[in-house]
Amino acid sequence: QVQLVESGGGLVQSGGSLRLSCAASGSVSNIYEERWYRHSKGTERELVAALADTGQTNYAQFAKGRFTISRDRSKNMLYLQMHQLQPEDSGVYYCNAATSRIEYGPPPDIKYDQFWGQGTQVTVSA
């Protein structure tokens, strides 16, 4: 099990910046990828950015050039730095952790899980 707690959301003016944080605890050594999602009114939850344990990153088109995902392994923290925020960036931002673990059978098997934080609200005013 992995527990995730987001923070850093709030109200910001158009063009402003915010940094979201996600504190991970529990079986963090099983995490192979961490992600930020968001859920805006009238839309489905969508991927914002992902960071694999290899260091490879992946960004949604709307996030490229404005958002940066990063982590501090020593603190088990994940971050999302957001610049040039626009009203359409408003929504609830969720931290997500994808894990894998070996179950020693027989036969041995790899189990995959995903864990979610409670979300943090980001509101960008025009």
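Around atom CD of Glu103, more than 12 heavy atoms belonging to other residues, nucleotides or ligands sit under 6.0 Å away.
In this structure, Val122 is a member of the same hydrophobic cluster as Leu80, with clusters built from ILVMFWY side-chain heavy atoms closer than 4.5 Å. Hydrophobic clustering (ILVMFWY, side-chain heavy atoms < 4.5 Å, transitive): Tyr93 and Val124 are in one cluster. Hydrophobic clustering of Ile, Leu, Val, Met, Phe, Trp and Tyr side chains at less than 4.5 Å, counting indirect connections, unites Phe62 with Leu18. Two different hydrophobic clusters hold Tyr79 and Trp36 under the rule that ILVMFWY side chains link at heavy-atom gaps under 4.5 Å. In the hydrophobic cluster analysis, where Ile, Leu, Val, Met, Phe, Trp and Tyr join through side-chain heavy atoms closer than 4.5 angstrom, Val12 is grouped together with Val48.
One distance of note links OH of Tyr94 with OG1 of Thr120; it measures 10.0 Å at 0.5 Å rounding. Here the straight-line distance linking atom CZ of Arg45 with atom CZ of Arg38 works out to 13.5 Å at 0.5 Å rounding. The structure places CE of Met77 at 9.0 Å from SG of Cys95, a figure rounded to the nearest 0.5 Å. In this structure, CG in Asn76 is found 10.5 Å from CG in Leu4, a value given to the nearest 0.5 Å. Taking OG1 of Thr57 as the start and CZ of Arg71 as the end, the distance is 10.0 Å to the nearest 0.5 Å. Once rounded to the nearest 0.5 Å, the distance linking OG1 of Thr43 with CD of Glu88 reads 11.5 Å.
Between Gln3 and Val5, every side-chain heavy-atom pair lies at or beyond the 4.5 Å cut-off. Considering only heavy atoms from C-beta on, Phe67 comes within 4.5 Å of Leu85 through its side chain. Between Thr68 and Arg19, the closest side-chain pair of non-hydrogen atoms is not below 4.5 Å.
A distance-only check finds no donor-acceptor pair linking the side chain of Gln114 to the backbone of Ala98 [under 3.5 Å]. Side-chain N or O atoms of Ser40 include one that pairs as donor or acceptor with a backbone N or O of Ser90 at under 3.5 Å.
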Chi angles and distances behind the side chain to side chain contact (heavy atoms under 4.5 Å, CB included) call for Gln118, Val92: CA-CA 9 Å; Gln118 82 289 350; Val92 180; over 6 Å; no
Trace of the side chain to side chain contact (heavy atoms under 4.5 Å, CB included) decision for Asp89 with Met82: CA-CA 10 Å; Asp89 293 316; Met82 304 185 292; over 6 Å; no
Worked check of side chain to side chain contact (heavy atoms under 4.5 Å, CB included) between Arg101 and Thr99: CA-CA 7 Å; Arg101 58 186 171 84; Thr99 66; 5.9 Å; no
Test side chain to side chain contact (heavy atoms under 4.5 Å, CB included) applied to Asn30 and Asp113, step by step: CA-CA 10 Å; Asn30 292 341; Asp113 289 294; over 6 Å; no
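No side-chain donor-acceptor contact under 3.5 Å links Arg66 and Gln86.
Between Ala49 and Tyr59, the shortest heavy-atom distance links the atoms CB-CD2, 3.6 Å. Among all heavy-atom pairs drawn from Ser17 and His83, the shortest one is OG-ND1, 2.7 Å. When every heavy atom of Glu34 is checked against every heavy atom of Ile69, the shortest pair comes out as O-CD1, 3.9 Å. Scanning all heavy atoms of the two residues, the minimum distance from Gly9 to Leu20 falls at N-CD2, 3.6 Å. When every heavy atom of Arg35 is checked against every heavy atom of Ala50, the shortest pair comes out as CG-CB, 3.7 Å. The minimum heavy-atom distance linking Leu78 with Ser70 is given by the pair CD1-O, 3.3 Å.
Using the six-membered ring where Trp is involved, Tyr37 and Trp116 have ring planes that are tilted, between 30° and 60° apart.
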